[in-house]
There are 2 protein chains.
Amino acid sequence: MRSTKLSLVLRQLRDGGPRSRARLATDLGLTRSSASALVGELEELGLVRAAGVERGGLGRPGTAVELDGHRVCGIGAEINVNHVATMALDLAGDVVAEHRAPIDSTRLAVSAVLDLLAELVEQTDADVRAGGGQTVGCVVGVAGLLDRTHEVLTVGPNLGWKDVPVGAELRGRLGAAYPVTIENEANLAAVAEAVPGDASRQDILVIFGEVGMGGGIVAGGRLLRGHQGYAGEFGHMIVEPGGRRCGCGRVGCWETVAALRPLLDAAADPDDPIRDPALALDERLAEINRRADLGDNRTLAALDQVGSWVGIGAAMLTNALNPAAIVLSGYFAEIGHHMRPAIQEQLLAGVLAPQGGGTRVEFSTLGFTAAVRGGATEALESVFDDPTTVAPRPDVLLGGAR
Amino acid sequence: MRSTKLSLVLRQLRDGGPRSRARLATDLGLTRSSASALVGELEELGLVRAAGVERGGLGRPGTAVELDGHRVCGIGAEINVNHVATMALDLAGDVVAEHRAPIDSTRLAVSAVLDLLAELVEQTDADVRAGGGQTVGCVVGVAGLLDRTHEVLTVGPNLGWKDVPVGAELRGRLGAAYPVTIENEANLAAVAEAVPGDASRQDILVIFGEVGMGGGIVAGGRLLRGHQGYAGEFGHMIVEPGGRRCGCGRVGCWETVAALRPLLDAAADPDDPIRDPALALDERLAEINRRADLGDNRTLAALDQVGSWVGIGAAMLTNALNPAAIVLSGYFAEIGHHMRPAIQEQLLAGVLAPQGGGTRVEFSTLGFTAAVRGGATEALESVFDDPTTVAPRPDVLLGGAR
DNA sequence: CTACTTTGTGCGACGTCACAACAAACGGGG
DNA sequence: CCCCGTTTGTTGTGACGTCGCACAAAGTAG
């Protein structure tokens, strides 16, 4: 009962930025006294703090209140083919710590990868504590299919994993005081793109492309997980019946025509350096951008062709979901601007609703940190759900009633 | 604050059925005294009533409390190509009134259709009042694309309507004391399929097929509308690039291969009576069932072929949404059982998640009343959101404090 | 018939919120 | 320079809702 009101105030501060107690009261339909009391309580918990004066013309200026980051942090973690990574985000959304270790998951044993990630998480938690904060939770993004309980990785084709109870394994290694949960990596990336408070980012579709394709759906600001947690597996929607064979064994999957490989296949001969997996990915993508900027016909044609396929798939999803925006992430973020015309064209052509249902095409700016950022955001959600769960400020405990 | 608790109790009774005050308290984490007070208040509002004793073994038997339907009703209405219809549902979900009028929307003027529907709604409201109830709202389902404000029908291809502010028009005709809102017809059908309390029906995908195809998505028990309200337009997802031309002008739309016409095209010659639009639809569908039951090869092949296409589209949506069930409605409900093997096969083949993500294929049993039923359900939602909005029982007003 | 269990209600204590009053802080005008 | 209006933030007071507890009611088991 009390926690719901505190939650309301906290979310309002996150979504709408700092403001005075009086404005908070009018915005939430409370009295100034109630708002003041709630803010006071949040202040005691160390979740908000004063943020300078707010001159608003006439009358006494208010003292703005803002989220106080440094007390609590959420940790996001990621297990991917090439690396494991973590990130700690404070309540205000600022990065407090970040760790990253390259791996070769296909050669490393499962337990070794989990060991390494656990080490990174503990290091991150240590960083948080060193900054005087407490960790409220850790959400781990895994590249693969996670069962609804979010505890067991059913299949991780790219990782080469199968039936790994990632949640339990990690909890065993950490002995952490905070909850550890598991989520699909692309779903977490979607969470990261849905910035709180931005109304145009509460119904979005995130499409991630690289070796494979995945994605996530945010509807009404909340991640859509589906009945067993398998939602967002866009890469294996069959968009071209009778088309190319996919690594998954099916034929005509979206990722056979819109992931990185089909682009490279169309853009370059087998001996072209941009198709050399030994080279760094961003180098190869930069080269594609260079060629496109120079007007190379084959490159442009390839981008156009793949862009069309991206648009066709995006149109199908838009017909079903009518998102406010489609956020393209992964390799699309780097070279997608060259695909934009083709994507837009197919989207407008393939969506029944007038003007494509008003869906905008955007490109992610989060880079490879999207998943860990989304994980940390998701972990922090528990604080916004119930602010009373965080331990009170030590000085308040000592001070007592004065 | 108070209304939220009342809302909780009311929903609990709806979702879990009648039960004693004590069980209500334990289920909701309240004390027995609080539960008793809340039930008392709901009783005064006329929303719940006693429902016999509940023998539970040891101790004093409890007196069960159940939803009391007859006080408040929601009205669902529908504007379709061949008919307009209404239905009043009471709080318990029982049908209180039902009206239906066949029309030919292509020949009738827009205003005439609206006049007729308004008349039906008023008649339905009169029925509700005659039964001693009050109407709490009316939700109108329209076959076409509705803009997010849910006020203007942007395009209704089958109706032949364009840019009609259905909501405002209807309100003007009704001068109703209750709110009137507009929703896509197939979306309302989806609401009707998502039976409250049934956990396996809170994440579902409803696919409606007849002349065209549409549908709706229910995620976490709530209708997914999308940013502008255009969600659920499955019929025009392009499943066969370069395929057949669709009535909408595009090529390869799902409804060109999975709606009623492609089935008839494959199953019968042009002069076959089952392709005669003059015959009643259920007659023609019954004939298809007869032939399939008799083992007619051409019919079975057609059902198999169309079923495969249904499964291909369903698989795409299942990859994206991972619903607990796909509910097939419209003509699928009548003859879909003959398509089930083909649908299941494509669904298992086309969905990445193991065992097709656990998604079941089901057929609607609601017939053509799905949309009106969903509309009435949606209208009643306002009562569950805030039970205090309903007018108190007249006898309570008269009785006063005793 | 007694012991025990469970249900439903009545009553006092406590916490929370709304309303009102008041002090504080600032701009503007004479 | 001072007074006034305006807005902010805090402090009290009363109303209301919820919890905990006790008690009567109504059944079962032995």
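These numbers come from the heavy atoms of this one structure, side chains and all, not from hydrogens, waters or symmetry mates. Just so we're on the same page: letters track the sequence lines, and every chain starts at 1.
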Would you say A:S34 places a side-chain N or O within less than 4.0 Å of OP1 or OP2 belonging to C:dT16?
no

Between atom [atom1] in [X] and atom [atom2] in [N], what is the gap in whole Å?
X: B:R19; N: C:dT7; atom1: CZ; atom2: P; answer: 13 Å
X: A:E54; N: C:dA25; atom1: CD; atom2: P; answer: 17 Å
X: B:R32; N: D:dA22; atom1: CZ; atom2: P; answer: 13 Å
X: A:R21; N: C:dC17; atom1: CZ; atom2: P; answer: 16 Å
X: B:L6; N: D:dG17; atom1: CG; atom2: C1'; answer: 11 Å
X: B:L24; N: C:dT7; atom1: CG; atom2: P; answer: 12 Å
X: A:R23; N: D:dT6; atom1: CZ; atom2: P; answer: 20 Å
X: A:L38; N: D:dT10; atom1: CG; atom2: C1'; answer: 14 Å

Main-chain N/O of [Y] paired with [X] side-chain donor or acceptor, under 3.5 Å:
X: B:R171; Y: B:V180; value: yes
X: B:R201; Y: B:E193; value: yes
X: B:T86; Y: B:G76; value: no

Judged by nearest nucleotide, the residue sitting upstream toward the 5' end of DNA chain C, A:G29 or A:V53, is A:G29

Let me know, please, whether A:A37 or A:L58 comes out on the 5' side of the other along DNA chain D by nearest nucleotide.
A:L58

A:R21-A:T63 side chain donor-acceptor pair, cut-off 3.5 Å
yes

Proximity to the side chain of [X] - top-ranked nucleotide from [options]:
X: B:S36; options: D:dG9, C:dT9, D:dG27; answer: C:dT9
X: B:R60; options: D:dT28, D:dC19, D:dA25; answer: D:dA25
X: A:T31; options: C:dA18, C:dG8, D:dC19; answer: C:dA18

B:S33 near the nucleic acid: base, sugar-phosphate alone, or nothing, with a heavy-atom cut-off under 4.0 Å?
base

Would A:V72 and A:L47 count as a side-chain contact (heavy atoms from CB on, under 4.5 Å) if you check the C-alpha gap in whole Å, the side-chain angles of each, and the deciding distance to 0.1 Å?
CA-CA 8 Å; A:V72 294; A:L47 299 179; 3.9 Å; yes

